[in-house]
J.: 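This is the structure I want to talk about, given as structure tokens.
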Amino acid sequence: MLSVQFIRENVDRVKRDMLLRNAPAPIDRILMLDEERKAFLQQVEQLRAKRNIVSKAIGQTKDPTEREIRITEMRLVGDEIDRLDGVLKVVEGELREKLYEVPNILDPNVPKGPDEESNVVVASSGTKREFRFQPRPHWELGEIVGGLDLARGARMAGSRFYVLKGPLARLQRSLIQFFLNAHTADGFTECYLPDMLSEASLLASGQLPKFRENLYRDFEQDYYFIPTAEVAFVNLYRDEILAPGSLPQRFVAHTPCFRREKMSAGRDVRGIKRGHQFEKVEMFVYCEPDRSEEEFAALVARTRALPEKLGVPHRLLALCSGDIGFNATKTFDIEVWAPGQDEWLEVSSVSNCLDFQARRANIRYRPTATDSPRAPHMLNGSGLALPRSLIAVMENYQQEDGSIVVPEVLRPYMGMDTIPVAVA
RNA sequence: GGAGAGGUGGCCGAGUGGUUUAAGGCGCGCGUCUUGAAAACGUGUGAGUGAAAGCUCCGGGGGUUCGAAUCCCUCCCUCUCCGCCA
């Protein structure tokens, strides 16, 4: 979240960014509540100071009449403190509630626009393969190689669930391995994380209270299923002060992701492109504020290297103001080409969230032993998301008979050069 | 899930209603000494808020009281034993 102080000192900028986001935010109300809060706080604290002094004196007073008089007096002061405290709590509660609703400010270079139509392609790499036959979509290929079972997935769990079998299950695992190894080889620390988190954690990471309807939840206990590993990484150091010299820290994890998406009928319905559950390899960086720009560039470069190594064309999009997520100040998407479906598929979002999440999760670091604590910057990026990178490999490497050539970099994991046509 | 014991500063640990402004130790910072380091000695050392005085924070929340780290309720977490289980 943004600090009240920052909002106070940058009212115009904050209001403008909220407009650009199409996200009306109660900025004036927040400033008003903050003024109220300060006024009540001052009153309460004066009374408390008085009570502290007199109460101490009571402890040392021998004369019983004198004691009685003061105790009676302090009883009234105490009542007044209780009353003001009650009011203060209400004001602070509303202030916090309102602050939780305000999204991050925008990086000045973010393209302006209301929705994804205004996203800008800023780079691309790889050339689309020329097919001498009509390339098939992945659900047809899955049927031909015999590793994709949509019908049984739907029967056991409902629509949008599927089963991967044999070589396709292995292909997915190979991709995960390949991604994880690529990042750990460069010093990212691999983590195994909880796939369910407490309500407090989802609040700290910005999923709650605003995006409750997108989350799956255990309905007896306080557990939410993570929609992305980012949520867990944000909470890794919640309520901590990191020691001098402990930044930057770079992490990577493979987790499942669970998203309750109310999908419009007819959109993305075929195949496995969009589901309620999917796998993802996620990178996460904690760093000092003056380094976050270069960490962002490094994350983008690192992410782009993956489709390049896989031999799949990709393009890089700068998300526009209306399409950037709540926590981010700036986001680049990486999309890979899926020739069978004839479309670009989003496989990664790389975001710089500045200190927005750190403040919300109450994470600080000390630059040197004598400095006071500051909020670190946090960045995240998928590298990469699973069913879609799987789709891209299948569709780009398909052959006329429906068999799939295994990309060079995945062969050590697959133990085969080609996924053959299944014997009927 | 059952029974018991706990949760105090970066760490250990004292504190059972009023000079506790949280003792003491370790660690850490700074200084003196030293060619340098160690040791020794000195000194300092939590966070938040505020212009400051001050106020708040002893796992979270609530209560009793003029006054709570201390008493009560409740929740969470850790440890030990039992049960269950991959």
Side-chain angles (χ1 to χ4, degrees), chain A residues 1-9 30-100 192-204 208-209 217-218 220-224 232 235-247 249 256 286 355 357-376:
Chain A
M1 68 183 151
L2 303 175
S3 71
V4 181
Q5 190 191 349
F6 180 88
I7 294 175
R8 199 189 307 127
E9 289 165 4
I30 284 170
L31 293 175
M32 208 179 86
L33 285 165
D34 188 47
E35 290 303 316
E36 274 182 49
R37 184 187 64 87
K38 279 195 276 193
F40 282 116
L41 192 63
Q42 214 172 353
Q43 288 183 54
V44 163
E45 288 190 351
Q46 273 170 13
L47 288 175
R48 263 201 246 274
K50 182 177 180 186
R51 184 176 68 179
N52 287 346
I53 291 164
V54 177
S55 287
K56 194 165 285 181
I58 290 172
Q60 287 155 349
T61 303
K62 301 283 186 299
D63 178 10
T65 327
E66 175 89 20
R67 270 178 83 100
E68 214 30 66
I69 291 169
R70 290 189 158 173
I71 286 175
T72 311
E73 188 192 348
M74 282 310 102
R75 198 170 284 145
L76 293 174
V77 171
D79 289 347
E80 182 64 2
I81 289 174
D82 284 347
R83 189 186 70 80
L84 288 170
D85 241 357
V87 179
L88 189 59
K89 223 168 236 183
V90 171
V91 173
E92 281 179 337
E94 192 186 343
L95 180 61
R96 194 174 332 110
E97 205 175 282
K98 294 280 183 288
L99 278 173
Y100 277 155
Y192 170 77
L193 303 165
D195 296 331
M196 297 188 287
L197 297 176
S198 67
E199 173 149 19
S201 289
L202 276 289
L203 191 67
L208 292 177
R217 177 181 194 188
D218 175 279
E220 282 194 333
Q221 280 172 291
D222 173 32
Y223 291 133
Y224 289 81
N235 282 280
L236 189 61
Y237 294 126
R238 175 148 57 91
D239 297 322
E240 290 192 50
I241 299 174
L242 304 177
S246 56
L247 297 178
Q249 291 195 30
Y286 286 84
D355 60 2
Q357 293 174 309
R359 189 165 303 105
R360 195 147 166 153
N362 190 29
I363 299 168
R364 289 162 294 168
Y365 78 101
R366 218 182 281 278
T368 72
T370 49
D371 285 321
S372 51
R374 305 180 55 180

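Here the structure is a predicted model, which means the values were calculated and not measured. Every chain is numbered from 1, with letters handed out A, B, ... down the list of sequences.
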J.: Could you give the start and end, 5' to 3', of the contact zone on RNA chain B for chain A, using atoms under 4.0 Å from its heavy atoms?
T.: B:rG18 to B:rG67
J.: Whether the side chain of A:Asn235 engages the backbone of A:Ser201 through a donor-acceptor N/O pair (distance < 3.5 Å, no angle test) should be reported.
T.: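 Such a contact is found between A:Asn235 side chain and A:Ser201 backbone.
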J.: Suppose we screen for side-chain hydrogen bond (donor to acceptor under 3.5 Å, both in side chains). Which residues come up paired with A:Glu36, at least two apart in sequence or across chains?
T.: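 None.
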J.: Could you tell me whether A:Arg366 contacts a base, only the sugar-phosphate backbone, or nothing, with contacts defined as non-hydrogen atoms closer than 4.0 Å?
T.: sugar-phosphate
J.: Can you tell me, in whole Å, how much space there is between the C1' of B:rC58 and that of B:rC11?
T.: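 About 16 Å, rounded to a whole number of Å.
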J.: Could you work out the separation of B:rA47 and B:rU8 based on their C1' atoms and round it to a whole Å?
T.: 15 Å
J.: How far, in whole Å, is B:rG6 from B:rG10 if one measures between their P atoms?
T.: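 It works out to 24 Å between them.
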J.: For atom C1', what is the distance between B:rG13 and B:rA69, given to the nearest Å?
T.: 14 Å
J.: Regarding A:Arg70, tell me which of base, sugar-phosphate or nothing describes its non-hydrogen contacts under 4.0 Å with the strands shown.
T.: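 Nothing, no heavy atom under 4.0 Å.
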J.: Please report the distance separating the C1' of B:rA39 from the corresponding atom of B:rG15, rounded so that it comes out in whole Å.
T.: 34 Å
J.: Using Watson-Crick or G-U wobble geometry with both distances under 3.5 Å, which nucleotide pairs with B:rU56?
T.: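 By the stated definition (distances under 3.5 Å), B:rA47 pairs with B:rU56.
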J.: How far, in whole Å, is B:rU56 from B:rU19 if one measures between their P atoms?
T.: 15 Å
J.: So, A:Arg360 side chain and A:Tyr100 main chain: donor-acceptor pair closer than 3.5 Å or not?
T.: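 It does hold such a pair.
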J.: Counting only Watson-Crick pairs (N1-N3 plus N6-O4 or O6-N4) and G-U wobbles (N1-O2, O6-N3), all under 3.5 Å, who is the partner of B:rC30?
T.: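 Checking every strand shown, B:rC30 finds its partner in B:rG42, with both distances under 3.5 Å.
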J.: With a non-hydrogen cut-off below 4.0 angstrom, is A:Lys89 in contact with a base, only sugar-phosphate, or nothing?
T.: sugar-phosphate
J.: Please determine whether side-chain contact (heavy atoms from CB on, under 4.5 Å) holds for the pair A:Leu33 and A:Arg37, giving the CA-CA distance in whole Å, both sets of side-chain angles, and the decisive distance to 0.1 Å.
T.: CA-CA 6 Å; A:Leu33 285 165; A:Arg37 184 187 64 87; over 6 Å; no
J.: Would you mind pulling out the nucleotide paired to B:rU35, Watson-Crick or G-U wobble, both distances under 3.5 Å?
T.: none
J.: Apply salt bridge (charged side-chain N to carboxylate O under 4.0 Å, His left out) to residues A:Arg48 and A:Asp85 and explain how you reach the verdict.
T.: CA-CA 11 Å; A:Arg48 263 201 246 274; A:Asp85 241 357; 3.4 Å; yes
J.: Under the 3.5 angstrom rule, does the side chain of A:Arg359 hit a backbone N or O of A:Met1 as a donor-acceptor pair?
T.: yes
J.: Is there a Watson-Crick or G-U wobble partner for B:rG7 with both distances under 3.5 Å, and if so, which one is it?
T.: B:rC76
J.: Identify whether the distance between the nearest side-chain nitrogen and carboxylate oxygen of A:Glu94 and A:Lys98 falls below 4.0 Å.
T.: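 So A:Glu94 pairs with A:Lys98 through a salt bridge.
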J.: Please determine, for B:rG24, whether a Watson-Crick or G-U wobble partner exists with both distances under 3.5 Å, and give it or none.
T.: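 For B:rG24, the partner nucleotide comes out as B:rC12, under the 3.5 Å rule.
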J.: Return the pairing partner of B:rG83 with a 3.5 Å limit on both distances, Watson-Crick or G-U wobble; otherwise return none.
T.: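 When the pairing criteria are applied, nothing turns out to pair with B:rG83, so the answer is none.
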